[in-house]
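Have a look at the structure below before the remarks.
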Amino acid sequence: MSDTTPEGKRDETGEGAMPKTYDPSSVEERLYKQWEDGGYFKPSDGDREPFVIIMPPPNLTGELHLGHALMDTVEDILVRWHRMRGHPTLWLPGIDHAAIAVHVLMERGLAKEGLTRQEIGREAFLERTWDFVNKSRARIFDQHKRLGASADWSRETFTMDPGPARAVRAAFYDFYQRGLIYRGERMINWCPRCQTALSDLEVDHQEEQGFLWHVRYPIINDAGEPTGDYITIATTRPETIVADTAIAVHPEDERYRAFIGRKARLPIIGRELIIVGDEAIEREFGTGALKVTPGHDPVDFEIGQRHGLPIVNALNLDGTMNHEAGPYAGMDRFVCRDAIVRDLDEQGFLVKTEPYAHSVGHCDRCDAIVEPMISEQWFVAVNKEFAPGRSLAGEALKVVNDGLIEFVPERFTKTYTNWMENLRDWCISRQLWWGHRIPVWYCDACNATIVPPPDIEEPATCESCGGAELRQDDDTLDTWFSSGLWPVSTLGWPDDTDELRRFYPTTVMETGYEIIFFWVARMIMMCLAAMDGRRDTLEERIPFRYVYLHGMVRDEHGAKMSKTKGNVVDPLELVEKYGTDALRFSLITGGGTGQDQRLWEDKVEAGRNFANKLWNAGRFVISQLPEGETHVPPSADMRTSWAVEDRWILSRLSRVTAEVEQLTRDFQLNEAARRIYDFLWGEYCDWYVEMAKVRLRQEQGTGSKEQGPSPLPVLVHVLETGLRLLHPYMPYVTEELWQRLRPFAAEPPSEMLIVAPYPKADPALEDADAEIQVEGLIDLIRQIRDIRSVHKIPAGEWIPSVKYTAITSEVMSATLPDFDRRNGLVLTALRESAAIVRQLARVQAVEQGGHLGEGIKAHLQRDQRGRVRFVAAGLDVLLVLPSSQDASAERARLEKEIAETEGYVARLNGKLGNEQFRSRAPADVVASEEERLAAAQGRLDGLRRALGELA
RNA sequence: GGGCGAUUAGCUCAGAUGGCUAGAGCGUCUGUUUUACACACAGAAGGUCGCAGGUUCGAGUCCUGCAUCGCCCACCA
């Protein structure tokens with residue numbers, strides 16, 4: 001039958017024989033197409049609250065990596081869950097133009113051809129870039145699809161598309177009108193390699209081994225002549241000496257107090273420097289005296305502002321020294337550094353050189369060392385009050401502090417608020433070509449700055465003088481300016497579209513914690529401002545309700561995956577080898593929310609094994625279903641006709657369903673997935689299916705159903721429900737199996753599983769008694785199997801008999817009525833389901849016996865068979881072995897059990913003997929401890945008796 | 001200099017609001033072609049939950065301190 005299907009043979013129709021092993025490659029592409037063609041990825045109509053995720057736009061530069069795979073998995077789980085719960089669900093995908101990243105990439109490409117962007121010019125550069133963009137775009141989406149992402153591809157958006165571009169102009173215009181965007185000369189970070197300004201965030205501080213050079217500056221008198229005194233400063237950047245305009249000391253520093261107000265002469269350059277007192281100086285650091293370079297250091301700039309110091313810029317934009325550097329003009333900054341140190345030394349100004357580790361700013365993209373410089377750039381005024389008590393950062397802080405936006409995991413809230421509280425103005429102009437051109441024109445005739453409203457893509461004449469000679473600002477905007485508008489721009493803002501009204505605010509922003517500042521914070525600031533005046537309350541203006549942050553996927557050794565290290569794992573390779581479901585499952589169960597995880601092939605194998613386990617469970621169930629017979633899901637009013645194991649598995653199903661619901665609501669997806677896994681594998685497959693086989697065998701053997709109700713309806717129902725529970729996590733194998741089960745359903749709820757209703761717990765099916773009963777059966781079976789193992793009874797050999805009787809617990813039954821009730825339940829189960837114990841433990845006869853007390857010794861004298869007495873499920877049990885037992889092995893087994901149980905009993909006695917515990921712990925905790933003690937005590941008595949009889 | 005995270009079985013990790021004898025996967029050991037699955041089944045071994053205090057009837061879980069590793073932020077030149 002099914003086994004004959006050759007492996008690897010494609011089963012295009014999805015019908016027919018099921019291969020023995022689940023083959024993802026024969027399923028995934030076909031099902032994805034069915035889902036997409038069926039329109040299931042588009043939001044459904046209806047009045048229910050929509051669930052919306054805007055996909056973080058991956059940038060164009062790279063292939064999809066495991067971080068994206070994790071992102072897709074988390075988002076797809078949330079999306080599929082809400083979709084199945086009947087919410088109109090929108091997952092809106094997009095791509096980011098990644099201005100500086102792509103720019104650097106393109107420049108590297110040019111460099112390989114021996115070209116620079118300046119040589120080919122702006123137009124040709126942009127043409128090449130668009131070519132590249134159009135090629136990667138399609139590939140990236142294809143990769144998402146391979147991961148099963150059920151996003152609405154018909155809405156795919158690119159940050160450079162006309163819509164988002166218009167949103168960028170609109171936001172720029174709006175912010176400019178409100179004074180939230182301004183142009184000014186400020187200290188910025190300059191990358192000499194990229195030749196652009198950078199925001200503070202794009203500077204990567206790295207600890208480096210450098211030197212602290214101590215340099216003495218001669219003090220001069222009013223006539224400009226050396227007094228013979230010196231003041232010694234310490235610096236890590238001696239090349240900036242040429243731009244010094246002052247020396248600063250702490251105003252209360254006894255060593256230097258007398259120098260304040262006097263002058264010094266700059267070595268080599270000869271400039272006169274004033275000595276100022278400023279509180280910013282750390283007396284303990286270096287010499288306690290600071291050379292002040294307002295043109296090339298942010299702190300010095302501020303000192304300069306306070307004391308009205310002149311600013312000297314000594315650097316060209318490419319990192320070479322300019323004319324201010326005198327003899328060093330034209331040198332590269334680091335060549336200059338060496339030259340100056342040498343000259344200072346030769347001229348006797350260098351006092352000391354000490355090794356010194358300090359952090360140096362590098363360009364995030366190209367790793368060149370960044371220079372602080374004064375430059376005219378565009379900024380977003382994050383702290384400016386545009387209305388009384390309101391600023392961009394202030395409102396962005398408020399919505400989080402007030403709980404309108406929640407971070408998952410919660411600890412990131414603090415990361416966010418700390419940052420937001422110390423925010424400085426955001427430099428948004430970049431001297432790059434690839435990106436949104438700054439929508440500002442200048443009229444050279446009258447010096448006007450023109451910022452046209454968004455619908456004017458290019459103003460024709462000057463607003464103030466009417467001149468037609470307008471020149472657009474050469475610069476482009478920081479990528480994150482357009483990304484910051486993403487939640488509104490993808491929905492049609494600045495127009496008040498139906499989409500915006502329906503889907504804004506979005507529900508969840510799911511992304512990596514490494515871009516909280518870059519992106520999440522900017523979205524919150526910008527979207528709040530963008531929606532200002534269009535929505536009344538902050539609650540309606542926030543871009544999203546929840547920020548869910550996933551961790552980083554690292555390699556086997558915990559190292560960050562990177563191309564240079566060569567340890568990058570391609571998710572698509574894993575998909576090919578193990579299947580999408582396997583990868584998704586291992587990613588989602590791989591770690592806690594927001595926690596980094598390690599991933600390697602062994603882990604994905606575990607996911608693959610689970611998919612295959614389900615496949616085979618499905619294969620078995622389907623093989624048992626008579627052709628053409630359909631089933632109605634069991635409901636609680638039918639319960640009297642079910643076997644105990646049916647009641648048990650349905651009860652467990654309901655409880656697990658409830659747990660999964662709660663865990664998913666709390667974004668504990670890893671736990672939810674684990675719970676489903678444990679249920680389906682550990683309870684359904686390992687026990688229920690095996691128990692059901694017993695009745696199926698009887699049915700098939702006798703051709704009748706006299707042995708009780710058929711397990712088929714429950715067998716099918718629990719599997720079908722389990723598939724629905726698991727579908728968000730492992731969409732393909734569940735859909736495939738569900739399709740194969742669908743013909744057997746009397747009333748299938750939908751065409752495809754992707755839109756079938758997500759299971760709901762049914763408390764009416766929960767059955768504590770059945771759980772006690774089946775747990776008892778399982779305990780008994782397990783112990784018999786253990787004994788088989790200890791006594792080396794081959795798995796295939798039948799054990800002659802097992803007899804059991806209730807432990808008559810003198811004390812316990814008097815004090816704990818529940819003890820007897822539980823035993824009664826187990827006895828009933830054993831009577832009704834003796835066949836299960838017979839089959840699963842391989843025992844020929846399972847019977848209740850009243851007189852186990854006659855002891856083992858008597859038996860031993862009568863025949864050669866071994867006998868083992870033990871306690872299981874609260875019962876006294878006597879097992880007759882096929883041959884004489886190994887007494888020492890049995891003694892060892894019993895002694896170990898006894899020791900364990902004694903320890904447990906002692907602990908419980910200690911607890912229950914404590915008056916404090918009895919009086920302070922909740923009554924139900926005390927009661928359950930008492931019950932445990934009763935059970936353990938009974939067990940201990942039985943074990944001791946068994947050991948005694950063995951002697 | 002601040003802030004955060006991690007520390008649980010040989011390895012990788014779960015254990016939300018304190019309460020079963022702390023779990024899983026992989027690995028190890030012993031068995032098994034028991035007719036869904038060897039990508040499997042049955043059984044077993046393996047943990048003073050980083051250390052020291054504290055709160056509590058009760059702590060892997062909460063508090064304080066410490067140690068080790070990692071990350072983020074920061075204008076001590």
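Residue-level contact check: I281(A) touches the bases, meaning some heavy atom is under 4.0 Å from a base atom. Across all strands, Q595(A) comes closer than 4.0 Å only to sugar-phosphate atoms, never to a base (heavy-atom distances). Using a 4.0 Å heavy-atom distance criterion, W798(A) is classed as making no nucleic acid contact. The residue K414(A) sits close only to the backbone: its heavy atoms come under 4.0 Å of sugar-phosphate atoms, none of a base.
With sequence neighbours left out, R283(A) forms a side-chain hydrogen bond (donor to acceptor under 3.5 Å, both in side chains) with no residue at all. By the side-chain hydrogen bond (donor to acceptor under 3.5 Å, both in side chains) test, N670(A) is found to be paired with no residue, residues two or more places apart in sequence or in another chain being considered. Residues forming a side-chain hydrogen bond (donor to acceptor under 3.5 Å, both in side chains) with H250(A) (at least two apart in sequence, or on another chain): none. Residues passing the side-chain hydrogen bond (donor to acceptor under 3.5 Å, both in side chains) test with S199(A) are E202(A), sequence neighbours excluded.
Among the duplex regions that RNA chain B forms, those built from at least three successive Watson-Crick or G-U pairs under 3.5 Å are B:1-7 with B:67-73, B:10-13 with B:23-26, B:28-32 with B:40-44, B:50-54 with B:62-66, ordered by first number.
At a cut-off of 3.5 Å, with distance as the only test, a side-chain donor of H791(A) or E890(A) sits close to an acceptor on the other residue.
Contact annotation: W687(A) does not reach the phosphate of A42(B) (side-chain N/O to OP1 or OP2, under 4.0 Å). Contact annotation: R932(A) does not reach the phosphate of C20(B) (side-chain N/O to OP1 or OP2, under 4.0 Å). For A77(B), the OP1/OP2 oxygens have a side-chain nitrogen or oxygen of Y356(A) closer than 4.0 Å.
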Return a table of donor-acceptor pairs under 3.5 angstrom between the side chains of residues 672-680 of chain A and protein atoms on other chains or two or more places apart.
| unit_1 | atom_1 | unit_2 | atom_2 | d |
| --- | --- | --- | --- | --- |
| R674(A) | NH2 | T589(A) | O | 3.1 |
| R675(A) | NH1 | E659(A) | OE1 | 2.9 |
| R675(A) | NH2 | E671(A) | OE1 | 3.1 |

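Within the structure, the salt bridge (charged side-chain N to carboxylate O under 4.0 Å, His left out) test picks out the following pairs touching residues 896-909 of chain A (sequence neighbours left out): K896(A)-E900(A), E897(A)-R939(A), E902(A)-R944(A).
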Could you run down the sub-3.5 Å N/O contacts of the protein with nucleotides 58-65 of chain B?
none

Got a list of protein N/O to nucleotides 22-29 of chain B N/O distances below 3.5 Å?
none

Protein-nucleotides 44-46 of chain B N/O pairs closer than 3.5 Å?
| unit_1 | atom_1 | unit_2 | atom_2 | d |
| --- | --- | --- | --- | --- |
| A45(B) | OP1 | K896(A) | NZ | 2.6 |

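Only the P atoms considered, U12(B) is 29 Å distant from G53(B), to the nearest whole Å.
If you measure from atom CZ of R608(A) to atom C1' of A38(B), you get 11 Å, rounded to the nearest angstrom.
For the pair R306(A) and E279(A), the salt-bridge criterion is not met [side-chain N within less than 4.0 Å of a carboxylate O].
Residue K20(A) places no side-chain atom within donor-acceptor reach of the base of C37(B), judged by atom type and a 3.5 Å distance cut-off alone.
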Report, as a single string ordered 5' to 3', how protein heavy atoms within less than 4.0 Å touch nucleotides 67-74 of chain B: B base, S sugar-phosphate only, - not at all.
-----SS-
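Taking every heavy atom of residues 236-250 of chain A and every atom of RNA chain B, pairs under 4.0 Å involve T236(A), by number.
Each of K693(A) and A289(A) was matched to the nucleotide of RNA chain B holding its nearest heavy atom; the match closer to the 5' end belongs to K693(A).
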